[in-house]
Amino acid sequence: MAMEVTQLLLNAQSVDSTARKHAEETLKQFQEQNLPGFLLSLSGELASEDKPVDSRKLAGLILKNALDAKEQHRKYELVKRWLSLDVTVKTQIKTCLLQTLSSPAPDARSTASQVIAKVAGIELPQKQWPELIGSLLSNQQLPAHVRQATLETLGYLCEEVSLDVLEQDQVNKILTAVVQGMNAEEGNNDVRLAATRALYNALGFAQANFNNDMERDFIMRVVCQATLSPEVKIRQAAFECLVSISSTYYEKLAPYIQDIFSITAKAVREDEEPVALQAIEFWSSICDEEIDILEDYGGEFTADSDVPCYNFIKQALPALVPMLLETLLKQEEDQDQDEGAWNLAMAGGTCLGLVSRTVGDDIVPLVMPFIEENITKPDWRQREAATYAFGSILEGPSPDKLTPIVNVALSFMLTALTKDPNSHVKDTTAWTLGRIFEFLHGSTVEIPIITPANCQQIITVLLQSMKDAPNVAEKACGALYFLSQGYGDVGASSPLTPFFPEIVQSLLTVTHREDAGESRLRTAAYEALNEVVRCSTDETAPMVLQLVPVIMMELHQSLEAQKLSSDEREKQSELQGLLCGCLQVLIQKLGASEPTKYVFLQYADQIMSLFLKVFACRSATVHEEAMLAIGALAYTTGADFAKYMPEFYKYLEMGLQNFEEYQVCAVTIGVVGDVCRALEDRILPYCDGIMTQLLKDLSSNQLHRSVKPPIFSCFGDIALAIGENFEKYLMYSMPMLQSAAELSAHTSGADDDMIEYTNLLRNGILEAYSAIFQGFKNSPKTQLLIPYAPHILQFLDSIYMEKDMDDVVMKTAIGVLGDLADTLGSNAGSLIQQSVSSKDFLNECLSSDDHLIKESAEWAQMAISRAISV
C-alpha cells in the first residue's frame, strides 16, 4: 500500500479532475476502513526522504486535519479519536514526526512542526508524551536546519497548549532555547527568524520571567536587537513581539519606552512597509491598553488599581503625532479604495484616531497646523492627508473643543466633496463628513453643527456625491446614515422632512446603479435608507407607506429571476437579504403607531407570501434576514399572525434544525419568541414540535455554544405564552436548565471571553426560570414548581458567591428571586430564609447605582416580605 499511497497523494493534487476525485475518494475510504493504518502511512510518507516533496507535504496536511478542526464539536471528536488509538500506533507516528524535523526538505520539516504541535495540544493536557519538550530541546546542538525546525515546533506548541499545561521549568527552558536562537551571534537567519516567531507565541507563558527584572531586561534587549537585524522578516517578527508585549505586559514597559520610541520612529520613517506597519501597531496597541484602563477606572487610580495608566501616549505626544502625520503623506497613487486595503497611511491614520481617543483635547493643537498647512496644497496627497488627519481625530476631543473648528471647516469640505479633482480626496472628505455627523451631531451636542442655514447645502452635496464613483458614493451614503441618525429622537418634526422624498429617491437610484456591487455601495445605500426611515417623523409616514409596495415589487422581481449563473445567484441572494432587511425596518416603523399600522396591515398577506418564497431559495443570508423580518411582522400583526403559521411552521422547523448555519438557528429561536408574544396561547398546537427540536438542539454536541442562551430564553417565551400548559414540558426542560446552571455557576480560572459567554448563558437560564414562574402564577398547578425551588436558590447563591455577574444577570437574577416568592408564596418563603446569600444579594441590589437593578430588587423585597409573612 505504501507506493500506492504516494501515487494517491500525487493524484489528489492532479489538474485532471477525474484522477483527483478518484484519489480523494480512495484516501477517504482508506481512512474510514483502517484509521490506524491510514495515519501510519501518512506519517511514514512525511518522514521518508525517498518520497516526492508534494506527496510528503499533503500527507502532513491530511495528518494535521485528522487531529484538529475549526468547529468545536468536530475538534472534540478528533481529539477523542486520537486518544483512543493504540499506544504503539501513536508512538510510531510521533517517532516519524520527530524524525522529519531533521529532513533536508523545508516543506516536510515545516509540516511536521505543525503536526507535532497538534499532537502535543491533545496529549500534553492528558499528561501524555512527557518526554516531548526534552526531546525537542536536545536538538539545539544539531545542524542549523534541525534547530530551525525545532524552534518552529516550539512556537507552534506554545500556540496550541494553554498556560496551565506547561510547568515553569519547561517554560524557562523553552524561553532560553528561543532567546539563544534569536541572539545576533547565531549566524543563521532561518534559525533567528524561527526563534523570533517562536518567542511571539511563547510570550503568554513568560509571566514569571517578566516579573523578574534581570530576565525581563534580557528578553527585551534581545527583542530590541532583533528589530535592527539586516533581515526584513526578522525585523518584522521582532516588532510583532513588541506589539504582543505591549498588550500582555503593559505595566512592565516604563523602563524601555524611550528606547522603543526611538526604534519604532526609525522603522516608521526608514524601514520597509511590513516592518513600519508593525512599528505603528505597537503604538496603536499601547493606545488600546490605555483607553481600556481609562474607561475602567475613569482616570481615578489608587494603589489597588490592577494596572495603573502610565500615560505613555501623553508623554510621547509631541514626538508621536508628527511621526504619524508624516505617514499620512505616504499614500499610494493606485491604492485600493475598497475595504481591506492596508498601507502605511491607513495604519498611521488609524493610530492617530486611537491617540485622539486616548488623550482627548490635547491632540487638537498638535494636528491643526498640519491640516491648515496642507488642506489647499496643489498635490492631492497633501490635501487628502490633511482631510484624513481631521477625520481621524474627531472621536476623542470634547465637542466644545471641536465644534468651532468644524463650523469653520464644514463649508470648505462640502465644496471639496463636489469640486476636488481627485477621487482619493473626495473619498476621504465624504468619510470625514460621516465622522463629523457621527460624533458631533445629535441631541446630546449643545452647539448644533447642522443649522437651517446649511442643512440644504449638506443634503444637496451628499445626494450629488451619490452619483460619483462607487467608493465616494458609498462614503456619501455613510455620511447620510449618520446625518439621519443624529435626528433619531428630535420628536414630531425633523429638519430632514422637507428633503425626505428626494433622499429616498436618490438612495433607491443608487441601489439600481450598474456598479452598485462595487465598494459595498448597494449595501451602504440600503443601510442609509433604513436609517432614514427609522429616524423619520409622523409627517413623512404617508411617504414611508408608499415605500412598502416599491420594496415588495423589488423583492418579487428578484425572486422571479430565472436561470442565473452561480455568481449571479450569489448577488441575487445578497440583494434579497438587503430587501428583507429594508422590509423589516418598514414593518417596525409603520407598526409602531396605530394609524400607519392599520393602513400597513393591508400589505401583510402579500409580504408574508414573499417571505415564504424567499425561504424556498435556501440561502442562509436571506433566510436569516427573512426570519428577522417575520419576527417584526409577528409583533405588528399580533394574534392575526396565526393564519400564517400552518405554512410558516415548516420553515420555522427547518431553521431550528439548521446546525451548520448556527446564526440562522439562533435567529429562528429569537423569532419563536416573537411569535409566542404575538400569538400567546394560540402557539400551543406548535409547541410539541418546537420544544422537541429545542431539546434535540441542546442534546447535540454539534450545537454552537452561542445558540444555547437563546434556547433557554425561548423556553421562557413559550412558558409565558402557554402558562400552565407548559406542565408537560417541565420534566424535560427543567433538568436541562439545572445541568446548564451547574456548569455556568463556577467560572474560576476562566478568561474574559468565557466569563462573557457564561453571563449570557446564566441570563438565558434565569430568563427561562423567571418566565416559567410567571406563566404558572395564580394557577392551581404552581405546586409542580416547588421541587425545583431549592436548586434555583442554590444556583442564585453560587453565582452571587462567584462575584463575576454583569449588571444584566444581576437584574434578571434578583427578578427570579422575586418571581419565586411571588409565585410560590409561603412555600418559597422558608426556603429563601434558609438560603446562604439571598439576604446579602438583595441588599446589594437595593443599594445598586443601576436604577433597573434597584427597581427589580424593590419589587423582589415586597414579594419576599409577602411570602415570609403568609
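As a basis for the values below, the full set of heavy atoms in this structure was taken, side chains included, without hydrogen atoms, waters or symmetry mates. Computed from a predicted structure; not experimentally measured.
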For this session: Verify side-chain contact (heavy atoms from CB on, under 4.5 Å) between Ser423 and Asn471, making sure each step is shown before the conclusion.
Result: CA-CA 9 Å; Ser423 181; Asn471 58 299; 3.6 Å; yes
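- Of the inter-residue distances, the one linking Glu281 atom CD with Phe239 atom CZ reads 12.5 Å to the nearest 0.5 angstrom.
- Under the 30°/60° scheme for interplanar angles, the aromatic rings of Tyr249 and Phe210 are found to lie parallel.
- Under the 3.5 Å distance criterion, the side-chain polar atoms of Ser536 are matched with a main-chain donor or acceptor of Val533.
- At distances below 3.5 Å, at least one donor-acceptor pair connects side-chain atoms of Arg381 with backbone N or O atoms of Gln331.
- Under the 4.0 Å criterion applied to side-chain N and carboxylate O atoms, Arg513 and Asp515 are assigned as salt-bridge partners.
- Closest approach of Leu317 and Pro322 over heavy atoms only: O-CD, 3.9 Å.
- Aromatic ring pairs are classed by plane angle as parallel below 30°, tilted from 30° to 60° and perpendicular above 60°; the pair Trp431 and Tyr388 is perpendicular.
- Put simply, the side chain of Thr264 gets close to the backbone of Ile260: a donor and an acceptor are under 3.5 Å apart.
- Looking at His441, its side chain does come within 3.5 Å of a backbone N or O of Leu483 through a donor-acceptor pair.
- Checked for salt-bridge contact, Lys811 and Asp850 miss the test: no charged N lies under 4.0 Å from a carboxylate O.
- Using a 4.5 Å heavy-atom threshold, the side chains of Glu273 and Asn343 count as touching.
- With rounding to the nearest 0.5 angstrom, the OG atom of Ser247 is 8.5 Å from the CD1 atom of Ile286.
- Side-chain atoms of Ser356 come within 3.5 Å of backbone atoms of Ile393 as a donor-acceptor pair (strictly under, hydrogens ignored).
- Atom CD of Gln457 sits in a crowded spot, with more than 12 heavy atoms from other residues, nucleotides or ligands closer than 6.0 Å.
- The distance from atom CZ of Arg534 to atom CD of Glu527, rounded to the nearest 0.5 Å, is 9.5 Å.
- The nearest pair of heavy atoms linking Ala316 to Phe261 is CB-CD1, 4.5 Å.
- At distances below 3.5 Å, at least one donor-acceptor pair connects side-chain atoms of Asn374 with backbone N or O atoms of Phe370.
- Surrounding CD of Gln315 are more than 12 heavy atoms belonging to other residues, nucleotides or ligands, all under 6.0 Å away.
- For the pair Phe390/Val406, a side-chain contact is recorded, criterion being any heavy-atom separation below 4.5 Å from C-beta on.
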For this session: Run the numbers on Phe500 and Glu539 for side-chain contact (heavy atoms from CB on, under 4.5 Å), then give the verdict.
Result: CA-CA 10 Å; Phe500 188 84; Glu539 290 173 87; over 6 Å; no
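- Under a 3.5 Å cut-off, the side chain of Ser246 and the backbone N or O of Val243 do form a donor-acceptor pair.
- The minimum heavy-atom distance between Ala267 and Ala279, with the atom names listed, is CB-CB, 3.9 Å.
- From Leu394, atom CG reaches atom CZ of Arg357 across 13.0 Å, with rounding to the nearest 0.5 Å.
- Across all non-hydrogen atoms, the minimal contact from Lys475 to Ala430 is CB-CB, 3.4 Å.
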For this session: Dump the intermediate steps for side-chain contact (heavy atoms from CB on, under 4.5 Å) on Asp427 and Asp468, then the final yes or no.
Result: CA-CA 10 Å; Asp427 180 292; Asp468 210 314; over 6 Å; no
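- Lys401 and Pro365 make their closest contact through CE-CD, 4.5 Å (heavy atoms, listed as atom of the first residue, atom of the second, distance).
- Considering CD of Glu474 and CE of Met466, their distance stands at 11.0 Å, rounded to 0.5 Å.
- Within 6.0 Å of CD in Gln485 there are more than 12 heavy atoms belonging to other residues, nucleotides or ligands.
- Taking both residues in full, the closest heavy atoms of Arg435 and Gly391 are given as NE-O, 2.9 Å, listed atom of the first, atom of the second, then distance.
- Residues Lys266 and Asp271 are not paired through a salt bridge, judged by the lack of any N-O separation under 4.0 Å between the basic side chain and the carboxylate.
- The CG atom of Asp807 sits 9.5 Å away from atom SG of Cys845, with the distance rounded to the nearest 0.5 Å.
- Just one residue in the list Ile405, Ile371, Val359 forms a side-chain contact (heavy atoms from CB on, under 4.5 Å) with Val364, and that residue is Ile405.
- In this structure a side-chain-to-backbone donor-acceptor pair under 3.5 Å is missing from Asn311 to Lys314.
- Distance alone, capped at 3.5 Å, places no donor-acceptor pair between the Thr387 side chain and the Thr428 backbone.
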For this session: Could you go through the side-chain contact (heavy atoms from CB on, under 4.5 Å) check for Leu508 and Ile551 one step at a time?
Result: CA-CA 10 Å; Leu508 288 172; Ile551 302 296; 4.1 Å; yes
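- Within the 3.5 Å criterion, the main-chain N or O of Phe312 finds a donor-acceptor partner in the side chain of Glu290.
- Under 3.5 Å, the side chains of Thr596 and Ser593 contain a donor-acceptor pair of N or O atoms.
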